[in-house]
Chemist: 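Just passing along the structure, written as structure tokens.
This one's a predicted model, so the numbers in the text were calculated from it and none came from an experiment. Proteins get letters first, then strands, A, B, ... in listed order; numbering begins at 1 in each. Below, each value reflects all heavy atoms present in this structure, side chains not excepted, and no hydrogens, waters or symmetry copies.
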Amino acid sequence: MKTKLKDMIKTAAEAAYRAGALESDDFAPVAIEEPKAGAHGDLATNFAMLNAATQKMAPRKIAEVVVSYLADPDGIIEKTEIAGPGFINFFLNPSAWHPILHEIHEQDGRYGACDMGDGQNIQVEFVSANPTGPLHVGHGRGAVVGDSVATILSFCGYSVFREYYINDSGKQIQTLGRSVYLRCLQSAGRDVTFPEDGYQGDYIWDIAKTLMDQAKEWLLGAGEDEAVAYCAKYASEKILGGIREDLALLGVGFDHWFSEQSLYDSGKVDAAIKQFQTKGLIYDSEAALWFRTQAFGDEKDRVVVRQNGQTTYFASDIAYHRDKFERGFDQIIDVWGADHHGYIPRISAAIKASGKNDDQFHVILTQLVNLLRGGIPATMSTRAGKFVTLREVIDEVGCDAVRFIFLTRHYESQLDFDLEVAKQKTNDNPVYYVQYVHARISSIFKKARTEKGIKEVSGDEASVGRLSEPEEIALIKHMARYPEVIRSAAQWMAPHRVAFYLMDLAAAFHAYYNKHWVLTSDPKLTDGRLYLILAVQKIIRNGLSLLGVSAPDTM
RNA sequence: GCGCCCGUAGCCCAGUGGAUAGGGCGUCAGCCUCCGGAGCUGAAGAUCGCAGGUUCGAAUCCUGCCGGGCGUACCA
């Protein structure tokens, strides 16, 4: 509808210029918006104001000229008004909105999709939590945001690849192995001290017990290095398996789980360091190797190989991000917790040093999550010892509610996640409000079939033409907005826009439902209304699927 | 100190330079003879942190300040 009107305005302005009524044909792009106040019409444009300078005319005068040259072959405009500083307000015929319904039904699950991405290969790397402990609720936020962004981008024509980077190498895995090993020794009654930097959680005890059941003799007899290495491998695989399960429960899956260790095994870390060394981007100082990140905008240079000869996490990350581009991705998106934001300049520097443009690299920083129970911080858990795990939250609250709560805030605002609120089935927790629309419509159709004997909905002109109630037109107008909401959600990588849209649509539906009867004694009117609410249901289902939330037929 | 994010009604949050700043919770007053009340209608409630600036127009852009969070490793 907006594009249609846009074209009409552009055509009118050009016609006015040819007729000599306007001074310049250098027009600003036409922007159409929906006025907040109904008295300002269905749609409006600030076209006249934007062009006041180039036309050297008063905005209201320009508006008059444009309106007088406006052609409306389809008769969609009921009337126009010039208002305020020079807005042109359009009041449309209600019937002008009817074709939207056919569009929705024809495109069905693809309604709102677009080809914005033009098939570009885009990689979304998210979660990537170290396999040294269970996921917590903050990881859950990154998982849900990353997953939903990926789904939306895919819906908008990008070829999306989801990836999880496993930090299965280096110091923290060593520490994990040592922690497990020491717990094994302790459980065998050996008097060993457990270091402060070891992993304290109860899950380490659980793993140690399992290991002792399986290989007690070997563990206690083997050399320490060998035993620690074995424990590290066993524990990290075990924990990673748990992480996969937790994410699956959240409806999050990946195309590839990328091993950090594989970068070392294939020599890609060494290769990256060597190549940057020959380019003079890595230098030797104080017995360590430094990357010249400062030359690319970082506040200081960063170490890639430490004095002790070990590479840093940054070294493998350089290799990893190079590898991403070598695999042919046009765009890469990293979803990180906000506590890693200081890492952006150095990764960005590494990418620029590799000859890539850093506008091909985008970081989504999800702000931290405060877990509460009834308003009180719920940092302590009865089971896991240290913190409440993501798994416990999903088990208690449910996947749909967890996802929706994460997606009803912009990822850049901090989030208080209250377990008590998340379990409530009130409008404090709007996932149910939206799902309820879907279930309610299913229920109406069930009733239509069983009690009215209605087999199918025709949606022909005679029935759709009966849709003239203000609430009906409001619903269709709302649904007409859906495609641009999706586009903006993709453009800004902001799934919360979809969530808020769905809540608004749900409100419009509930209001309609409360005021008007769908299953009337008039078959044509009933058919039109069923056609209308079926469209609403499709969009609710469509939108929820972009958020990874289910659309139940009964609740 | 420096860097990043956030300050919008009692509380939680939307808001793409546009007209009278929107929802939800909570509060108050109402709505079921019949499609699911996990619903609807109405009311009260805001100096958009503060002060400047940019322009026809600023919650939105710029500068400074004040709050809060996070970061500032040869940790990950």
Chemist: Nearest to the side chain of A:Ser413 - B:rA14, B:rC40, B:rC6?
Modeler: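 When the side chain of A:Ser413 is considered, B:rA14 is the closest of B:rA14, B:rC40, B:rC6.
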
Chemist: Give the rounded distance in Å between these two atoms: CG of A:Asn370 and C1' of B:rC12.
Modeler: 13 Å

Chemist: Would A:His478 and A:Phe509 count as a ring pair (Phe, Tyr, Trp, His ring centres under 6.0 Å) here? Give the steps.
Modeler: CA-CA 10 Å; A:His478 210 287; A:Phe509 172 78; over 10 Å; no

Chemist: Could you check whether the side chain of A:His340 and the base of B:rG71 have a donor-acceptor pair of N or O atoms closer than 3.5 Å, going by distance alone?
Modeler: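 It does not, because no donor-acceptor pair links the side chain of A:His340 to the base of B:rG71 below 3.5 Å.
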
Chemist: Under 4.0 Å between any heavy atoms, over every strand shown, what does A:Ala439 touch: base, sugar-phosphate, or nothing? Just pick one.
Modeler: base

Chemist: Once you apply a heavy-atom cut-off of 4.0 Å, does A:Tyr433 come out as touching a base, just sugar-phosphate, or nothing?
Modeler: sugar-phosphate

Chemist: Not counting sequence neighbours, which residues clear ring pair (Phe, Tyr, Trp, His ring centres under 6.0 Å) with A:Phe417? List them please.
Modeler: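 Result, ring pair (Phe, Tyr, Trp, His ring centres under 6.0 Å) vs A:Phe417: A:Phe406.
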
Chemist: Donor-acceptor check, side chain of A:Ser128 to backbone of A:Tyr165, threshold 3.5 angstrom: yes or no?
Modeler: yes

Chemist: Does A:Gln307 reach a base, just sugar-phosphate, or nothing at all? Heavy atoms under 4.0 Å.
Modeler: base

Chemist: Which nucleotide wins on minimum distance to the side chain of A:His40, given the candidates B:rC13, B:rC74, B:rA19?
Modeler: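 Within the option list, the nearest is B:rA19.
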
Chemist: Taking O4'-C1'-N9-C4 for purines and O4'-C1'-N1-C2 for pyrimidines, is B:rC34 syn (within 90° of 0) or anti?
Modeler: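 Glycosidic conformation of B:rC34: anti.
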
Chemist: Rounding to the closest angstrom, what is the interatomic distance between B:rG15 and B:rC61 at atom C1'?
Modeler: 16 Å

Chemist: So A:Ala511, base contact, sugar-phosphate only, or nothing? Heavy-atom distance under 4.0 Å.
Modeler: sugar-phosphate

Chemist: Roughly how many Å apart are B:rA14 and B:rC28, using the C1' atom of each and rounding to a whole number?
Modeler: 25 Å

Chemist: Considering every strand and a 4.0 Å limit on heavy-atom distances, what is the contact class for A:His516: base, sugar-phosphate, or nothing?
Modeler: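 Touches a base.
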
Chemist: Does the side chain of A:Lys300 get closer than 4.0 angstrom to OP1 or OP2 of B:rC74 through an N or O atom?
Modeler: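 Indeed, a polar side-chain atom of A:Lys300 lies that close.
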
Chemist: How long is the span from the OG atom in A:Ser348 to the CG atom in A:Asp359, to the nearest 0.5 Å?
Modeler: 10.0 Å

Chemist: If we take the P atom in both B:rG10 and B:rA44, what is their distance in whole Å?
Modeler: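 Result for the P pair: 16 Å, nearest Å.
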
Chemist: Just to be sure I understand the rule, does A:Asp317 reach a base, reach only the sugar-phosphate, or reach nothing, if contact means heavy atoms closer than 4.0 Å?
Modeler: nothing

Chemist: Taking atom C1' in both B:rC56 and B:rU27, compute the distance separating them and give it to the nearest angstrom.
Modeler: 42 Å

Chemist: Remember a base hit wins even if backbone is also touched, and classify A:Asn46 as base, sugar-phosphate or nothing at under 4.0 Å, heavy atoms.
Modeler: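 The answer is base, as A:Asn46 lies within the cut-off (heavy atoms under 4.0 Å) of a base atom.
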
Chemist: State whether the side chain of A:Arg141 and the backbone N or O of A:Gln367 hold a donor-acceptor pair below 3.5 Å, judged by distance alone.
Modeler: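 Here the side-chain-to-backbone pair exists.
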
Chemist: Considering only heavy atoms and no angle criterion, is a donor-acceptor pair shorter than 3.5 Å present between the side chain of A:Asn514 and the base of B:rG39?
Modeler: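 Yes.
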
Chemist: Can you tell me the distance, in whole Å, between the CG atom of A:Leu50 and the P atom of B:rA19?
Modeler: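 Distance, rounded to whole Å: 14 Å.
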
Chemist: In terms of side-chain heavy atoms of A:Arg302, which of B:rA38, B:rU41, B:rA73 is nearest?
Modeler: B:rA73

Chemist: Contact class for A:Phe500 vs. all strands (heavy atom < 4.0 Å): base, sugar-phosphate, or nothing?
Modeler: sugar-phosphate

Chemist: Within the pair A:Arg346 and B:rG71, is there a side-chain N or O less than 4.0 Å away from OP1 or OP2?
Modeler: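 Checking B:rG71 against A:Arg346, no side-chain N or O comes under 4.0 Å of OP1 or OP2.
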
Chemist: Between B:rA59 and B:rA46, how far apart are the C1' atoms? Round to whole Å, please.
Modeler: 12 Å

Chemist: Mapping A:Ser285 and A:Leu368 onto RNA chain B by nearest heavy atom, which one lands closer to the 5' end?
Modeler: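 The residue whose closest nucleotide sits nearer the 5' end is A:Leu368.
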
Chemist: Establish whether the base of B:rA76 is bridged to the side chain of A:Asp197 by a donor-acceptor pair shorter than 3.5 Å.
Modeler: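 Check fails, no donor-acceptor contact within cut-off.
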
Chemist: Without decimals, in angstroms, what is the distance between A:Tyr513 OH and B:rG36 P?
Modeler: 5 Å

Chemist: Starting at CD of A:Glu412 and ending at P of B:rG7, how long is that distance when rounded to a whole Å?
Modeler: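 It is 10 Å, rounded to the nearest whole Å.
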
Chemist: Using a distance-only criterion (donor-acceptor N/O pair, under 3.5 Å, no hydrogens), is the base of B:rG71 paired with the side chain of A:Asp339?
Modeler: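 Side chain to base: no pair present.
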
Chemist: Under a cut-off of 3.5 Å for both distances of each Watson-Crick or G-U pair, what dot-bracket string does RNA chain B give, using [ ] for crossing pairs and | for inter-strand pairs?
Modeler: (((((((..((((....[...)))).(((((.......))))).....(((((..]....))))))))))))....

Chemist: For the CZ atom of A:Phe276 and the CZ atom of A:Phe291, what is their distance to the nearest 0.5 Å?
Modeler: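 One gets 4.5 Å once the value is rounded to the nearest 0.5 Å.
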
Chemist: If we take the P atom in both B:rC12 and B:rC31, what is their distance in whole Å?
Modeler: 33 Å

Chemist: Under 4.0 Å, counting only non-hydrogen atoms across every strand here, what does A:Asp298 touch: a base, just sugar-phosphate, or nothing?
Modeler: nothing

Chemist: Can you name the nearest heavy-atom pair linking A:Ile540 to A:Leu502, along with the distance?
Modeler: CA-CD2, 4.1 Å

Chemist: Counting side-chain heavy atoms from CB outward, which of B:rA19, B:rC75, B:rC6 is closest to A:Ala44?
Modeler: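 Of all the options, the side chain of A:Ala44 is nearest to B:rA19.
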
Chemist: Would you indicate which nucleotide in B:rC75, B:rG18, B:rG36 comes nearest to any side-chain atom of A:Thr554?
Modeler: B:rG36

Chemist: Quote, to the nearest angstrom, the P distance that separates B:rA76 from B:rC62.
Modeler: 35 Å

Chemist: Tell me the side chain to side chain donor-acceptor pair (under 3.5 Å) pairs involving residues 517-537 of chain A, sequence neighbours left out?
Modeler: A:His102-A:Tyr531, A:Ser442-A:Gln537, A:Ser458-A:Asp527, A:Asp460-A:Lys524, A:Ser463-A:Asp527, A:Arg466-A:Asp522, A:Glu472-A:Arg529, A:Tyr512-A:Arg529, A:Thr520-A:Thr526

Chemist: I want to verify a distance call: between B:rC40, B:rG36, B:rC75, whose nearest atom is closest to the A:His510 side chain?
Modeler: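 The listed nucleotide nearest to A:His510's side chain is B:rC40.
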
Chemist: Would you measure the distance from the P atom in B:rG23 across to the matching atom in B:rC40 and give it in whole Å?
Modeler: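 Those two atoms are separated by 13 Å.
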
Chemist: Should A:Asp334 and A:Lys324 count as an ion pair when the cut-off is N to O under 4.0 Å?
Modeler: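 Yes, this pair counts.
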
Chemist: Restricting to non-hydrogen atoms, name the atom on A:Pro195 and the atom on A:Gln200 that form the minimum distance, rounded to 0.1 Å.
Modeler: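 Shortest heavy-atom contact: O-NE2, 3.7 Å.
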
Chemist: Could you pick out which residue, A:Pro35 or A:Glu286, lies toward the 5' side of RNA chain B when each is mapped onto its nearest nucleotide?
Modeler: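 Closer to the 5' end of RNA chain B: A:Pro35.
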
Chemist: Does A:Lys447 reach a base, just sugar-phosphate, or nothing at all? Heavy atoms under 4.0 Å.
Modeler: sugar-phosphate

Chemist: Counting heavy atoms from C-beta on, name the nucleotide in B:rC74, B:rU16, B:rG18 closest to the side chain of A:Glu33.
Modeler: B:rG18

Chemist: Any idea which of B:rC74, B:rA14, B:rG39 is nearest the A:Asn427 side chain?
Modeler: B:rG39

Chemist: Thinking salt bridges, do A:Glu484 and A:Lys2 make one under a 4.0 Å N-O criterion?
Modeler: yes

Chemist: Decide, applying a 5.5 Å centre-distance limit and a 30° plane-angle limit (both strict), whether A:Trp517 stacks on B:rC35.
Modeler: yes

Chemist: Taking NZ, NE, NH1 and NH2 as the nitrogens, is one of them in A:Glu237 or A:Lys233 under 4.0 Å from a carboxylate oxygen of the other?
Modeler: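 Counted as a salt bridge, because a side-chain N and a carboxylate O are separated by less than 4.0 Å.
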
Chemist: Among the nucleotides B:rC5, B:rA19, B:rC35, which one has an atom lying closest to any side-chain atom of A:Gln367?
Modeler: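 Closest nucleotide to the A:Gln367 side chain: B:rC5.
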
Chemist: How long is the line joining CD of A:Gln414 and C1' of B:rC70, in whole Å?
Modeler: 8 Å

Chemist: Which nucleotide wins on minimum distance to the side chain of A:Tyr313, given the candidates B:rA76, B:rU72, B:rG36?
Modeler: B:rA76

Chemist: Nearest whole Å is fine: how far is B:rG24 C1' from A:Tyr436 OH?
Modeler: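 After rounding, the reported distance stands at 18 Å.
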
